[in-house]
Amino acid sequence: MFDINKIRSDFPVLAREVYGKPLVYFDNGATTQKPARVIDAVREAYDSYYSNIHRGVHALSDISSGKYENAREKVRAFINAESKKEIIFTAGTTASINLVAFSFGERYIKKGDEVLITALEHHANIVPWQMMCERKGAVLKVIPINDDGSLNLEKVNELITGKTKILAVTHVSNAIGVINPVKEIIEAAHKHNIPVLVDGAQGIQHGHVDVMDLEADFYVFSGHKVYGPTGIGVLYGKRKWLEDMPPYQGGGDMVDRVSFEKTTYNELPFKFEAGTTNFVGAIGMAEALDYIGSIGMDNISKHENELKHYAKERLEQLGGLTFYGTTANTISILSFLVDNIHQYDAGMILDKMGVAIRTGSHCAQPVMSRFGIDGTIRASMCFYNTKEEIDILCEGIEKVKMMML
Amino acid sequence: MSNNGKTINQVQDQIIDEFSLFDDWMDKYDHLIEEGKDLQLLDENEKKQDFLIEGCQSRVWLKPDFDGEKIYFKADSDAIITKGIVALLIKVLSGRTPSEILETDLYFIEKVGLSQNLSPTRSNGLLAMVKQMKLYAMAYKAKQKG
């Protein structure tokens, strides 16, 4: 039973007002709000058993370490990875991609090799590869998109060459909400023995992710976009890659034996977790995943899909809106412009009406360039949003039009 | 733009008075939009890269003109609210000497409720505009001395 009022009451911040108006939070693509039980889990970690993990022999360290490893198991189960060893905790999606770009690059990329990404990527899935390509003398190639925002899949096979070493693709576009057919892309790449990294920052919170079914080589996401704390993220990697790749950062916990002559590294997953990790964040994220489990991903997807269709219909009725990412296969993100009104002007007015949306390029300038624009207004909705909130957004847009036109 | 013989602070106080009439944010924005309409705009051919202020979500062009004594600013923006904000700055700082511009404490920004737009990461670039105006003033001041 999907009880929206109960769900909203799970998120303390949703009850607040801004500028004397009820908060309408439509910036979930940037980060999601936290349910009380996640906040409580984080508080409990500091209140009642806080101690460094994998270090001490004492009671609290045992509890912390146990909770941390339990969080790893929950992440494994959530994305259906084969083994806990394949779950690396990082600071977030960006950190995960940087890790892979560096370590994979060190191990496998040589001068003249090629890395394939898509024109839909967030800067976080462009720049780390660019940096690695520069370091290695490799070439970055880009799969283009169609006018409706979908990937031009015909180009995938054309762009894959004997020199392609890895393909990185976003599961869902943060800028325009388009869901990519990642399973198909992975299948195509695997025919040429090319591993695929999937940026799941906008995918993990909107639908079931099964990395074994996808056969993804790497799947990365952030805790804060899936109702968990900030500063924690996940790198899932197939064991064969993670075993073979060199460590990214050196430090404590990632070592086996250290001497000044030679250091040997710890086994997976610890080899990639140098220093004290954000274990409290990991515990909080695991709580968020449990919470999602209690709502049910199918219920979440269904409600979000309803919101998307309602919002699209209502906004279209206002007239003068141009939508970006018009392909049918999208999540509950609407990216649009209103007549010739600057997105920034619209954002300022909506803000004062209590509506939090994002304006600008959404850290995806190449996507904006593809459509010949500087930015859009992005309303990114999730399962705690309501149709009434969409009505308020529409009133806001009408107000914007009245003031600006 | 002429100051009608008013001092910088007289202009600032006048702006504060005008904004004090509005309690509602929408009315403040309406007023800001009106201010933007009074702005003496740049010609299309003056909207050059040189005059573009970096660090704004909307584009802002700011062109200085120095007659040896005072600096006159013209500006434009592709966002209407930003245009209003830059219009206020110009109202206060245009037609002033480099020293006056450098020494001015722009207290009206906080008083009219725009200071929330002042943090360096804010996208409207109010801070960047102020900085750019002061940079021009510094350059012309050096020129005066030289």
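First the proteins, then the strands, lettered A, B, ... as listed; each starts at 1. Since this is a predicted model, take the numbers as computed values, not measurements.
- The 12-atom threshold is exceeded at NZ of K21(A), counting heavy atoms of other residues, nucleotides or ligands nearer than 6.0 Å.
- With a 4.5 Å cut-off on side-chain heavy atoms, H342(A) and I80(B) do not count as touching.
- In this structure, the separation between CD1 on I349(A) and CD1 on I81(B) is 4.0 Å, given to the nearest 0.5 Å.
- Atom CG of residue D24(B) and atom NZ of residue K352(A) lie 11.0 Å apart, to the nearest 0.5 angstrom.
- Within a 6.0 Å radius of NZ in K111(B), no more than 12 heavy atoms belonging to other residues, nucleotides or ligands are found.
- Of the atoms belonging to D345(A), heavy atoms from both backbone and side chain fall under 4.5 Å from chain B.
- Side-chain contact between M348(A) and T82(B) is absent, with no heavy-atom pair separated by less than 4.5 Å.
- Within a 6.0 Å radius of CE in M26(B), more than 12 heavy atoms belonging to other residues, nucleotides or ligands are found.
- Going from atom CZ of R59(B) over to atom OH of Y344(A) covers 15.5 Å, rounded to the nearest 0.5 Å.
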